[in-house]
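Notes for the one structure printed next.
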Amino acid sequence: MSRYNPSVIEAKWRKYWEEHKTFAAPRLPSDMPNNPEGKKAYVLDMFPYPSAQGLHVGHPEGYTATDIFCRFMRMNGYAVMHPMGWDAFGLPAEQHAKKTGIHPRITTEKNIANFRRQLHALGFSYDWDREVATTDVDYFRWTQRIFLILFNAWYDKDQKKARHIDELPIPDDVRAEGDDAVRRYLDDHRLAYQIEAPVNWCPELGTVLANEEVVGGVSERGGFPVVRMPLRQWMLRITAYADRLEEDLADLDWSDSVKALQRNWIGRSVGAEVDFYIGPQEKFEDWKTARANATFPRKSGDNALRVFTTRPDTLYGASYMVMAPEHPYVERLTTAEQKNVVEEYRRQASFKSDLDRTDLAKEKTGVFTGSYAMNPVNGAKIPIWIADYVLASYGSGAIMAVPAHDTRDFEFATLFNLPIKQVVAPTKESNASSEEVALMKTAFTEKGVAVNSGEFDGMATEDFKALITERLEKAGLGRKTVNYKLRDWLFSRQHFWGEPFPLLRELDEEGKPNGVVIPLEPSELPLDLPQGVAFDATKHSPEPPLENAPEEWLYVERNGKKYKRETNTMPQWAGSCWYYLRYLDPKNQDNFVDPEIEKAWSPVDLYVGGAEHAVLHLLYARFWHKVLYDFGLVSRPEPFQRLVNQGMILGEMEFTGFQSEDGAWISAADVDVDKQGKAVRKSDGAPVNSVKLAQKDVGKSGENYTLAEEPTIIVLGKSEKMSKSRGNVINPDDVVAQYGADSLRLYEMFMGPLEAVKPWNQDGVNGVRNFLDRVWRMIISQEFESDALNDAVQDVEPNEEQNRILHKTIKAVTEDIRNLSYNTAIARMMEFANFFSRESIRPKSTMKTFVLLLSPFAPHIAEELWSMLGANQTLAYEPWPKWSEDAIKESTITIPVQINGKLRARVEVPADADAQTIEDAALAEKKIAELLDGKTIVKKIVAPGKMVNFVVKG
RNA sequence: GGCCGAGUGGCGGAAUGGCAGACGCUGGGGAUUUAAAAUCCCCUGUCCUUAACGGACGUGCGGGUUCGAGUCCCGCCUCGGCUACCA
């Protein structure tokens, strides 16, 4: 074997690693030989959804990055936990079942087998004995167990932690009402609770869709109509953890941008709740007196409409109020004259999807209820409207509108001719033009100084906010409140292919659920999905498919009572909320993870995955983890210490030119897109054809790409997301077949920084393959069918220069791996290979060290070269090479000499030369002397070891 | 609209405030070869200039700080991602 042949050596080494269980992680880090203090690295990839399409080049990007890190850490003596598994529940398998009748489990297992084969082919150092799939009954048994923990928990706001529901104090008045009231009270406080919530039902697809699967009122896939209808749903009380989820971000090694994303999503805002009086006008003063003698009530009561505002300082400017169309007070507050319009408006609003309602392009809408409220601070009588720009699900579902200082209210008030009253004046520091503000041309939303606010005039916004909140609180009219954008988590899906809820719903004599829900005992788990459920493509109701489960599964009798199983299933997120724990102890039959093992390996030291999971998955998993933490089931409050998002890999750069019907080129600058999304000529709207161009036909002029032949014709050059429809998808299997897995791994890491978005370039794969070929030739003899080392590889000590280059390479590669700067690490190794390929004597020890450096990146070729260099076992646990600073030091260095900051010459000086020596050398340089002749040196800057700069005059 | 990120050769990209463009791709030239593949060597930011040399300009735009700015500060522009009436 004289030529580098990846297909042979890659298969060989994969087999070796598998047979020797080279990458098996020990039960505990300290179980590993020579690791008494239990140094460990838990390195985790976001596990994939095993789609029918198979692996995509985006997957190996993150997986290679973590694999390199793992291999590096092993060689540094760490016990490494590096598992892989499958996030295998999901709608595609269920849709496939509807079309073909094939059970989702069969489809899923087939897809997993394909993914597993593809990942194996890339030589990742996973401990495959720890593989889990969220669809395994033995796995979701514990997902169900954790759900029971949530179900049996309430959140104690004082202790700021979850506690068992048995410890929830029951108020006396509730207890007095009897067992049923107590039961309802408990259910209202559980971390898992039920509500009626609208779902997106798509009759055509026969399924309920998530909000993100509905675009513009139709399904994302297929474009079928979607209707919203209320359905009983399970919710998880993630909002109880909002503050902790936000605060605990501080200690995590995550990028600021992901932290910011999570903070925005949680959306904490501090403000005040304020009650506006809506009772009979003559009783206003009585009401105020009553309120002043009591504390601010938990609920507003029938005589008041509660609002949330972050700007209580603008209370004097409230000129109307708005309720969400779904607000419970709407009916009561609608007068007889307004009844018809209000009802019609509510009906229209109910048809609109969340997306339609938030379509900002659209004008605001709303109707007057006919009623008025009284401003608690000045008794002003203001009209109450309903409008869908106010959301029922945020704050109290109603607002006080201050059009002078809120852009949305301003728009609405302008449209409906409602009064606009200025109560905040801009200061000198304000960005807004005071002229525009004075002319009421725009809302002034910044901080400023109070005006038209009675006794508070002249106060700065922040001071006024604090003061008025305090006054309102004393008067029983309001209180300081914190609100979150984060909503509770809708945790049920009307799908078959998900974890069944371990819950039973009690039935009354007529066989209807009576509202009592009891959990299964842990000993009754797992609750598997039933056999023999027909996959019906023509489902006519949004009821869950499990409603059609066989009766022996669906109905249960217990203590003489009849129960029906919960037929909703859990969302796909559920399984991914805790998989990192199961990997640690995947076969445990008594617990989801042994606490000793959990404690030893936690937390995940490095977690790598796509940015699309920066919010939901990570927030949900952190939430579950904190619940487990509150119950002492995990040892740390946060699961993922360091997080890195790999950037997306785009398709190859594509050039597009435009031609008119007669074949004449049209510059892209003269092409427009018409309403149908078709390209047309700007001047006359004539149709235009897009033509794909080869790179050689394209040139560049200034900022623009142009036709090489006709530089006046501008063409478009762009890299797009890979997609089947665009036809620019790269299949990793093909790349492996053509170049080898090591080349694919190396290329993906060489493309650029891990976190950057980068376009694919097939020639680049060829480039790294050339590098591996060169490394091979550097060490292995090129003689036909020879297995020998290259004659240049000899058992000698490296000379000084060779040694310096070796140590520089060790240092650079080591530091780059620590920073995950793999692209530059590879560049340094290329320089090494370029240098040593030209050396006629290549010390064997140097070659061996280099092979170790290369091994995390290209493990197959490295193992092969390692064995050719004389080893008889894997290099996976060889000590990582160390560098010596002394070896790197050069005796002389070249220093740039600048005059007025411009490079004019270079001088050679001893590496440790002091400032004076360097200055003298610079002044002695012929060219510098010439340039300085006749000039006055105003200043000399000498940075020893770096540079010299003379500032001159004249 | 808000938040985040990015603008450096033909392309991907490199550069603790100190020699801009490492490394790779592409393109060009040469060596080797009967020829090709493979391999090896040289050149490859723009402009001016030379026999050789040499010089000017150059990191999206405009300012600033500094002896010195791709890097720091202020103001813009463009592109990408996320988010979207959250009171």
Side-chain angles (χ1 to χ4, degrees), chain A residues 3 255-261 263-265 267 269 271 307-311 314 322 355 357-360 362 364 387-391 393-402 405-409 411-412 483-487 611-612 614-615 647-648 650 652-653 695-696 698-700 703 705 708 717-719 747 750-753 755-768 770-771 773-774 777 782 821 823-831 834 837-838 894-906 938-943 945-952:
Chain A
R3 295 266 297 263
S255 70
D256 289 340
S257 61
V258 173
K259 287 185 183 182
L261 277 175
R263 281 202 191 95
N264 285 346
W265 194 263
S269 55
V307 302
F308 171 72
T309 176
T310 53
R311 293 293 300 271
T314 61
V322 186
L355 220 114
R357 283 180 61 159
T358 59
D359 186 358
L360 285 175
K362 177 198 67 157
K364 291 205 164 29
D388 65 4
Y389 83 92
V390 173
L391 308 174
S393 50
Y394 184 76
S396 59
I399 61 157
M400 65 169 199
V402 186
H405 306 289
D406 181 285
T407 36
R408 297 151 303 182
D409 298 344
E411 240 178 82
F412 192 81
N483 252 309
Y484 303 92
K485 276 203 249 181
L486 181 71
R487 307 294 153 84
E612 65 273 22
V615 178
M648 201 183 353
L650 304 176
E652 292 220 33
M653 177 89 144
Q695 204 190 326
K696 64 173 170 49
V698 176
K700 202 170 187 188
E703 293 280 276
Y705 293 105
K718 236 187 153 185
S719 289
Y747 173 63
F750 188 60
M751 290 172 86
E755 302 191 61
V757 176
K758 324 160 262 267
W760 187 267
N761 174 2
Q762 198 75 11
D763 289 329
V765 189
N766 209 30
V768 295
N770 281 341
F771 163 63
D773 279 325
R774 177 180 274 242
R777 288 192 305 269
Q782 290 308 285
S821 303
N823 53 332
T824 48
I826 294 166
R828 296 290 89 81
M829 291 190 285
M830 286 174 168
E831 286 175 313
N834 289 345
S837 295
R838 282 189 277 258
T894 308
I895 283 194
V897 183
Q898 300 176 349
I899 293 175
N900 287 343
K902 285 193 178 163
L903 177 72
R904 291 303 175 193
R906 296 183 176 88
V938 184
K939 196 168 179 181
K940 304 169 194 163
I941 294 107
V942 185
K946 283 190 184 154
M947 48 73 67
V948 186
N949 188 13
F950 297 110
V951 184
V952 301

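In what follows, chains carry the letters A, B, and so on, assigned in the order in which the sequence lines appear, proteins first and then strands, with residues in each chain numbered from 1. What's counted below: heavy atoms across the whole structure, side chains too, no hydrogens, waters or symmetry copies. In this text the structure is predicted, and so the values were computed from the model without any measurement.
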**OP:** Check whether any side-chain nitrogen or oxygen of A/Lys939 sits under 4.0 Å from OP1 or OP2 of B/C67, and answer yes or no.
**Re:** yes
Subject >> A/Tyr394 side, atom OH; A/Lys485 side, atom NZ - distance, nearest 0.5 Å >> reply: 8.0 Å
**OP:** Looking at every strand, decide which applies to A/Glu755 at a 4.0 Å heavy-atom threshold: base, sugar-phosphate, or nothing.
**Re:** nothing
Original post:
Which part of the nucleic acid does A/Thr894 contact within heavy-atom distance under 4.0 Å: base, sugar-phosphate only, or nothing?
Top reply: base
Subject >> Length of the CG-P vector between A/Asn823 and B/G24, whole Å >> reply: 14 Å
Subject >> C1' spacing across the pair B/U71 / B/G18, given as an integer number of angstrom >> reply: 11 Å
Original post:
When you check the side-chain N and O atoms of A/Ser837 and A/Arg777, is any donor under 3.5 Å from an acceptor?
Top reply: no
**OP:** Round to a whole Å and report the spacing from CE of A/Met653 to P of B/G80.
**Re:** 14 Å
**OP:** Identify which nucleotide among B/C3, B/C25, B/C40 has an atom closest to any side-chain atom of A/Asp763, counting heavy atoms from C-beta outward.
**Re:** B/C25
Original post:
Between B/C23, B/G18, B/G13, which nucleotide gets closest to the side-chain atoms of A/Pro753?
Top reply: B/G13
Subject >> Atom pair distance, as rounded to whole Å: CZ in A/Phe750 and P in B/G13 >> reply: 11 Å
Original post:
What nucleotide, of B/C41, B/A22, B/G13, holds the atom closest to the side chain of A/Arg838?
Top reply: B/C41
Original post:
Using atom P of each nucleotide, how far apart are B/G60 and B/C11 to the nearest Å?
Top reply: 13 Å
Original post:
Looking only at atom C1', what distance separates B/G29 and B/C82, rounded to whole Å?
Top reply: 49 Å
Subject >> Taking every non-hydrogen atom, the tightest pair across A/Met400 and A/Asp409 >> reply: O-OD2, 4.0 Å
Original post:
Does the side chain of A/Val938 come within less than 4.5 Å of A/Val952's, by heavy atoms?
Top reply: no
Original post:
Is the charged tip of A/Lys364 near the ring of A/Phe412: under 6.0 Å from the six-membered ring centre and within 45° of its axis?
Top reply: no
Original post:
Looking across every strand, which nucleic acid part, if any, lies under 4.0 Å from A/Asn770 by heavy atom: base, sugar-phosphate, or nothing?
Top reply: sugar-phosphate
**OP:** Using a heavy-atom cut-off of under 4.0 Å over every strand shown, decide if A/Arg906 touches base, sugar-phosphate, or nothing.
**Re:** base
Subject >> side chain to side chain contact (heavy atoms under 4.5 Å, CB included) between A/Tyr389 and A/Glu411, intermediate numbers included >> reply: CA-CA 11 Å; A/Tyr389 83 92; A/Glu411 240 178 82; over 6 Å; no
Original post:
Which listed nucleotide (B/A87, B/C19, B/C4) is nearest to the side chain of A/Ser257?
Top reply: B/C4
**OP:** Mind calculating the distance between CZ (A/Arg904) and C1' (B/A56) to the nearest angstrom?
**Re:** 10 Å
Original post:
What's the CG-P distance between A/Asp773 and B/A38, to the nearest Å?
Top reply: 11 Å
**OP:** Provide the closest heavy-atom pair for A/Met751 versus A/Lys758 in the form atom of the first, atom of the second, distance.
**Re:** CB-CD, 3.7 Å
**OP:** Mind calculating the distance between CG (A/Leu261) and P (B/G81) to the nearest angstrom?
**Re:** 14 Å
Original post:
Roughly how far apart, to the nearest Å, are B/G45 and B/A36 at atom C1'?
Top reply: 35 Å
Subject >> Atom pair distance, as rounded to whole Å: CH2 in A/Trp265 and C1' in B/C3 >> reply: 13 Å
**OP:** Sticking with atom P, work out how far B/U8 lies from B/C72, rounded to a whole angstrom.
**Re:** 16 Å
Original post:
Reckon A/Val757 touches a base, only the sugar-phosphate, or nothing at all at heavy-atom distances under 4.0 Å?
Top reply: sugar-phosphate
Original post:
Among B/C19, B/G12, B/A15, which nucleotide sits nearest the side chain of A/Pro759?
Top reply: B/G12
Original post:
Within this structure, what is the CG-to-P distance between A/Asp388 and B/A87, rounded to whole angstrom?
Top reply: 18 Å
Subject >> Per A/Arg774 side chain, nearest of listed nucleotides B/C40, B/C67, B/G12 >> reply: B/C40
**OP:** Spell out yes or no: do the side chain of A/Asn949 and the base of B/C67 have one donor N/O and one acceptor N/O closer than 3.5 Å?
**Re:** yes
Subject >> Spacing of the P atoms in B/G58 and B/G9 (rounded, Å) >> reply: 14 Å
Original post:
OP1, OP2 of B/C4 versus side-chain N and O of A/Ser255: anything below 4.0 Å?
Top reply: no
Original post:
Any side-chain donor-acceptor pair under 3.5 Å between A/Asn766 and A/Tyr747?
Top reply: no
**OP:** Could you tell me whether A/Asp409 contacts a base, only the sugar-phosphate backbone, or nothing, with contacts defined as non-hydrogen atoms closer than 4.0 Å?
**Re:** nothing
**OP:** Confirm from the modelled atom types if A/Lys940 and B/C67 form a donor-acceptor pair under 3.5 Å, side chain to base only.
**Re:** no
Original post:
What distance, rounded to whole Å, do you find between the two C1' atoms, one in B/A20 and one in B/A69?
Top reply: 12 Å
Original post:
B/C41, B/C23, B/C85: which one has an atom nearest the side-chain heavy atoms of A/Tyr389?
Top reply: B/C85
**OP:** Counting heavy atoms from C-beta on, name the nucleotide in B/C85, B/A22, B/G80 closest to the side chain of A/Ala827.
**Re:** B/A22
**OP:** Would you sketch RNA chain B in dot-bracket for me? Only Watson-Crick or G-U wobble pairs with both distances under 3.5 Å count, crossing pairs as [ ], other-strand pairs as |, the rest as dots.
**Re:** (((((((..(((.....[....))).(((((.......))))).((((.....))))..(((((..]....))))))))))))....
**OP:** Might you point out which heavy atoms bring A/Ile399 and A/Val307 nearest each other, and give the distance in Å?
**Re:** C-CG1, 3.4 Å
Original post:
Base, sugar-phosphate, or nothing for A/Gly395, non-hydrogen atoms under 4.0 angstrom?
Top reply: nothing
Original post:
Which part of the nucleic acid, if any, lies within reach of A/Lys718 when heavy atoms closer than 4.0 Å are counted: base, sugar-phosphate only, or nothing?
Top reply: sugar-phosphate
Subject >> Proximal nucleotide (of B/U39, B/G18, B/A87) relative to the A/Arg777 side chain >> reply: B/U39
Original post:
Base, sugar-phosphate alone, or nothing: which one does A/Tyr705 contact when heavy atoms must sit under 4.0 Å apart?
Top reply: sugar-phosphate
Subject >> Inter-nucleotide C1' distance (B/G27, B/G17), Å rounded >> reply: 36 Å
